[in-house]
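As the structure lists them, so they are numbered: ligands from 1, and atoms in each ligand from 1.
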Amino acid sequence: MIAISHLRAADELPAFDIAVVPVLKDRTTIVGDPLAPDLDAYERLLDAREFSGKVGQTLFVQTPDGVAPETLLVGLGDDVDAESLRRAAGGAVRSLHGYASVGTTLHLVDIEDSGGAVAMGMWLGSYSFDEYKSEPKPVALSSVFLVGGEDSAADVARAKVITDAIVLARDLVNRPALDKSPSMIADIAVGVAHNVSVKVYDETEIEEAGFGGLVGVNRGSDRPARMVVMRYEPEGASKTLALVGKGIVFDSGGLSIKPAAGMETMKTDMAGAAAVIGAVQAIAGLGFLVNVVGIAPLTENMTGGGAQRPGDVMTAYNGKTIEVLNTDAEGRLVLADGLALAAEMEPDLIIDIATLTGAAKVSLGPLIGCLFSNDDDAAATVEAASKAAGEKLWRMPLEKEYASMVESDIADMKNIGGRWGGAITAGLILSEFVGEIPWVHLDVAGPARADKTEHYVAKGGSGFGVRTLVAVAEAMAG
Ligand code: BES
Ligand code: ZN
Ligand code: ZN
């Protein structure tokens, strides 16, 4: 990973290959920016390139008299926040081919944690998943200096912990399903942090415990399921946050099999579990004073000879029965167990995160996650955290009148609703497993995976949710 450090004064400047300088609206640079060239001298070039400093614009200029021989001007517009700064930094790093060292003053914009935002944007913007490339593209950029302003070392260090968690989540999502069996993911969860204790239920313990949803979904797979329970319990913490992540390492649909095109991205179906594992790693790494339990039911959803059949009934951990009429609606079956286990621990808040329904992606598109909750305060807490984190969520209703859609003729409920409102009926099913505990359900079928590369996001697993979950934990730590 790129080394990012802070330099207080211009006289500490080492030689570097290029300066990356913020430009605000109307071509203004930041007062006192030690790297900014005098833009008046570049008026002809800026006019020709129509560079005004609008957000998203970039322009390379030759600066032979400057600290670096070249300068990349980065437009930030007139409304800079942490997310736009992360995006600008990510976009900048993406356009820097062949430069080894960079000095930047992007962090001099006047917002909180600007150094952290710039560092995270640069790290994430330089992310690529190349484990399977026989000749990975070499990355030239090795060091970035944040030049001037208040010391941002603490912000950068904190950003590193969260970035590492996002990278862990992205790597897990991007890895082919063949190479991420439930037990392999469980092993990774075990190793995330020295101050997290992890219990992994194997297939026998899963049966014995009564995780009937997980058992049912796993029936068609040759690879045994795992239930991961991670606990971070710092001394002196008073509140407890439970996180539950959907961990389907591959979703073929089961006997209600998906069409081929629908399966292409289904290694992504464990993105919720990846976000939970990453978030627990970061929360423990940052040492927040809040208890956190991270739960990940892990299995693949396959079509082997023992696969569950449409019409089968399973009993979840809390004793409620579900008639499985469509084996492709499997996420809610494994989450039923995970949520019931979380509720039994009586935490102050449960958040689940899942690539649960195509309907969620249809309703809000690829960039926005659906938020459902049984509690207005809990919803507000998570909405505020997601805003601060720059991850877009939109609250949707848990409409009680739709509960009749999931009534079963023979069991407590069935696992599918009707044709319409699929993200809502899925949420209503989940609500049966949390009792009275304040709970927020995040359906991230859209944003868990990026369809294209832009700013600090690369096509593929996005690590969506990690930052929001970390921000909620921080808020609960007070
Ligand atoms: N993993 C899918 C949901 C999904 C679809 C995530 C597309 C990301 C992109 C989930 O298990 C599923 O197949 N859901 C079904 C539910 C239906 C059978 C009620 C769906 O959304 O079609
Ligand atoms: Zn499915
Ligand atoms: Zn699924």
Side-chain angles (χ1 to χ4, degrees), residues 173-174 177 180 182 185 213-214 216-221 225 244-275 296-303 307-312 314 322-338 352-370 372 396 402 405-408 413-430 441-451 459-462 464-465:
V173 170
N174 288 332
K180 55 178 177 197
I185 296 181
L214 186 53
V217 175
N218 185 249
R219 283 214 174 95
S221 169
V244 184
K246 172 177 173 181
I248 302 296
V249 301
F250 184 73
D251 184 9
S252 72
L255 288 178
S256 313
I257 196 165
K258 286 182 184 295
M263 250 184 255
E264 276 177 23
T265 57
M266 279 304 131
K267 67 174 182 181
T268 307
D269 216 18
M270 37 61 71
L298 299 163
T299 176
E300 56 186 343
N301 185 24
M302 299 294 276
T303 58
Q308 66 178 346
R309 310 151 191 82
D312 285 354
M314 41 123 316
I322 309 179
E323 184 184 11
V324 180
L325 289 178
N326 188 316
T327 63
D328 194 14
E330 84 297 337
R332 54 204 83 184
L333 304 178
V334 304
L335 286 175
D337 290 329
D352 78 74
I353 177 162
T355 47
L356 199 64
T357 65
K361 191 167 184 175
V362 169
S363 50
L364 297 182
L367 298 179
I368 307 169
C370 299
F372 296 88
M396 310 263 278
Y402 292 166
M405 292 197 213
V406 295
E407 277 171 15
S408 159
M413 69 199 89
K414 58 182 179 180
N415 78 329
I416 45 168
R419 176 142 159 59
W420 310 112
I424 298 176
T425 47
L428 287 170
I429 291 171
L430 297 185
H441 159 52
L442 304 178
D443 190 336
V444 296
R449 178 178 195 90
D451 300 327
K459 185 178 177 186
S462 62
F464 188 93

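Between the side chain of Lys180 and the main chain of Phe250, no donor-acceptor pair closer than 3.5 Å is present. Within the 3.5 Å criterion, the main-chain N or O of Ala450 finds no donor-acceptor partner in the side chain of Ser462. Counting only distance, with no hydrogens or angles, the side chain of Thr425 and the backbone of Gly422 share a donor-acceptor pair below 3.5 Å. Judged by distance alone, the side chain of Asn218 and the main-chain N or O of Thr299 form no donor-acceptor pair under 3.5 Å. Side-chain atoms of Asn301 come within 3.5 Å of backbone atoms of Thr327 as a donor-acceptor pair (strictly under, hydrogens ignored).
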TODO: List the steps and the verdict of side-chain contact (heavy atoms from CB on, under 4.5 Å) for Met405 and Leu428.
DONE: CA-CA 10 Å; Met405 292 197 213; Leu428 287 170; over 6 Å; no

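Residue-level contacts of ligand 1 at the 4.0 Å heavy-atom threshold are Lys246, Asp251, Lys258, Met266, Asp269, Asn326, Asp328, Glu330, Arg332, Thr355, Leu356, Thr357, Gly358, Ile416, Ala445.
For the Zn ion (ligand 2), protein N, O or S atoms under 2.8 Å: 4 in total.
In this structure Asp312 satisfies the side-chain hydrogen bond (donor to acceptor under 3.5 Å, both in side chains) test together with Arg309, sequence neighbours excluded. Not counting sequence neighbours, the partners of Asp269 by the side-chain hydrogen bond (donor to acceptor under 3.5 Å, both in side chains) test are Lys246, Thr355.
Put simply, Lys246 gets within reach of the Zn ion (ligand 3), with an N, O or S atom under 2.8 Å from it.
The closest side-chain donor-acceptor pair between Ser221 and Glu300 falls under 3.5 angstrom.
A side-chain contact (heavy atoms from CB on, under 4.5 Å) with Val244 is found for exactly one of Leu430, Leu335, Ile353, namely Leu335.
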